[in-house]
> 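There's a structure below that I have some questions on.
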Amino acid sequence: MQGVIEIPVWVAVLGGIAAAIAILDRVLAPSVRWYLRRRLNKAVERLNTRLSLRIQPFKLMRRSALIERLAHDPEVMRAVEHEIRETGMPRGIILKQVQRYAREITPSFSAIMYFGVGARVSRWIARLLYRVRLGALDQEALSKLDASSSVVFVMNHRSNMDYLLVTYIASTSSALSYAVGEWARIWPLSRLIRSMGAYFIRRQSRGGLYRAVLRRYVQMATEGGVAQAIFPEGGLSRDGRLGRPKLGLLSYIVDEFDSDAALDVVFVPVGINYDRVLEDRILLAADAGPAGRARFKVDIPFALRAIIGYLVGRITGRTHRFGYAAVSFGTPLSLSQFMQESAATDVKALGRELSRRIGAIVPVLPTALVASVMAAAETSLTSEEIVSRCRKMADRLEGAGAHIHVPRKNFDYAVEVGLRMLTSRGILIEDDRRFGLAISDAALLGYYANSIAHLLAEDGPTGA
């Protein structure tokens, strides 16, 4: 039986499009993916020739494969069985939770995004806001790092700018994988951060199942030789002081470490400081929420107006950068050597030692120096008195081994910079050529003085 079937033109068009998509997916897409993957691998090989810390194969794994590997890891499966026994929940529901945790944690590193976009944007923003300087640098010790080691950069946490600043400074040497908190899980920021190799953590999570998945990811990344960057303090310093180390991520790294294994873990201490921390007032105003968790009050419209005003001011030349930002790199610490010298695997002792090394290399910038002098003063001071007291304090700091950044190698100018930063914000008030504290901003002056308070402590540069 023969006949003609009439169909609408739009159905024929849709059918043609579906057929074309099927052909592309089955025939052309695999070839295109193979071609792009081959180009990407060659680009990574070229990058690795100029990076002192190579991009390891683990970092380049397809995200879907890494999620499956993490979700079905034997230790995670043991945690699943334990969760079933403890809660009585069906296995299917718990496995879905594990998959959700694995997808949430696992990054999707892109070398193009990291070096082509991320590092360049970080450099542009850092230099737009600050005069960026390299502080102390143990070049000899860093040059001896074993390229096959798993390197973990441990740093103090002063500002959310830390991520951009260290990415910019370290981009000529490595691609860092950051442990990022909940604040960065906002779309589309989360996509950008994930593509740069960062992995997300819930700092306040107490669930055993979640911790098991996170623990295994950190251990897998460490075993894979991924260069990581973590903040032992856990969160931003709310009073400017170097905080006590939180041992969660450190314990994950140490738990499965074998000091006799071929792959060593090397911790590189990083000290960061700013003449002005962008969110200083927000941090000081933060109050404690449930379980002691800080609650930050951010006025979004005010922040947007400030950003726009700053950009317009920079374009017109009416505003200037927020002083200096400096990063120091200290002497690396080998985990295998530390464990051999210790009687036992003491994570607390490791945390204290890393905190001490970080504190020792926090750069002393003009604002912190002047703030420390003014915080200790009982009355207003002339500029000459401030310079004299700053010199004495600088001598004491240098005696303790601190790195002091002196702009233009002119100490008087350094004090002038510090005074300008504090008076321009109304923290210090000049009256009849004498400088005194604005009572309403005493806490803010203390915030900047606290950034180097550990260096002035009698027991040396240790954490709080």
Side-chain angles (χ1 to χ4, degrees), residues 126 130-139 154-159 161-162 165-166 169 233 237 239-243 269-278 280 321-331 355-377 381 383 385-423 425 427-428 435 444-464:
Y130 298 100
R131 293 180 173 88
V132 180
R133 298 293 184 266
L134 183 63
L137 178 67
D138 193 339
Q139 183 65 55
V154 286
M155 57 193 77
N156 63 316
H157 205 359
R158 293 281 288 159
S159 166
M161 269 296 300
D162 297 346
L165 187 64
V166 177
I169 295 291
E233 295 168 282
S237 173
D239 61 3
R241 294 183 183 276
L242 183 65
V270 180
I272 306 170
N273 210 351
Y274 302 87
D275 268 330
R276 177 176 176 179
V277 173
L278 300 179
D280 51 10
R321 285 179 282 193
F322 300 132
Y324 293 90
V327 182
S328 295
F329 295 86
T331 304
S355 182
R356 185 192 68 79
R357 294 194 181 204
I358 293 169
I361 58 171
V362 170
V364 179
L365 295 182
T367 297
L369 186 63
V370 174
S372 298
V373 166
M374 295 304 298
L381 301 173
S383 58
E385 290 172 330
I386 294 173
V387 170
S388 176
R389 295 191 185 195
C390 283
R391 284 188 185 277
K392 291 179 181 178
M393 185 172 286
D395 291 341
R396 181 181 169 190
L397 288 164
E398 287 181 342
H403 173 84
I404 303 175
H405 176 65
V406 181
R408 304 179 184 177
K409 298 182 179 180
N410 185 328
F411 194 84
D412 289 358
Y413 176 73
V415 175
E416 180 186 329
V417 170
L419 282 172
R420 187 193 314 141
M421 293 297 301
L422 294 170
T423 54
R425 302 185 65 195
I427 301 172
L428 295 181
F435 294 88
L444 198 54
L445 184 75
Y447 175 87
Y448 287 98
N450 287 342
S451 68
I452 60 171
H454 60 281
L455 293 168
L456 295 165
E458 292 184 2
D459 56 350
T462 58

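No hydrogens, no waters, no symmetry mates; every other heavy atom, side chains included, goes into these values. These numbers come from a predicted model, not from an experiment.
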> For a 4.5 angstrom cut-off between non-hydrogen side-chain atoms, does Leu455 reach Val364?
yes
> Are Val362 and Ile272 close enough that some pair of their side-chain heavy atoms sits under 4.5 Å apart?
no
> Is the shortest distance from a Lys or Arg side-chain nitrogen in Glu416 or Arg420 to a carboxylate oxygen in the other one below 4.0 Å?
yes
> Backbone N or O of Leu242 within a donor-acceptor pair of the Asn156 side chain at under 3.5 Å?
no
> So among Met393, Glu385, Arg391, which one has a side chain to side chain contact (heavy atoms under 4.5 Å, CB included) with Val373?
Met393
> Would Arg321 pass as a cation-pi partner of Tyr130, given that its NZ or CZ must be under 6.0 Å from the six-membered ring centre and within 45 degrees of the axis?
no
> Should Ser451 and Arg158 count as side-chain neighbours, where that means a heavy-atom distance under 4.5 Å?
yes
> Does any non-hydrogen side-chain atom of Val406 lie less than 4.5 Å from one of Tyr413?
no
> Please list, chain by chain and in numerical order, all residues satisfying side chain to side chain donor-acceptor pair (under 3.5 Å) with Asp275, sequence neighbours excluded.
Thr367
> Treating Asp138 as the side-chain partner and Gly330 as the backbone partner, does any N or O pair qualify as donor plus acceptor under 3.5 Å?
no
> With sequence neighbours left out, what residues match Asp280 under side chain to side chain donor-acceptor pair (under 3.5 Å)?
Arg425, Tyr448
> Within 45° of the axis and under 6.0 Å from the centre of the six-membered ring of Phe322, does NZ or CZ of Arg276 qualify?
yes
> Are Val417 and Leu419 side-chain neighbours, meaning at least one heavy-atom pair lies under 4.5 Å?
no
> Apply side chain to side chain donor-acceptor pair (under 3.5 Å) to Ser372 and list each qualifying residue two or more places apart in sequence or on a separate chain.
none
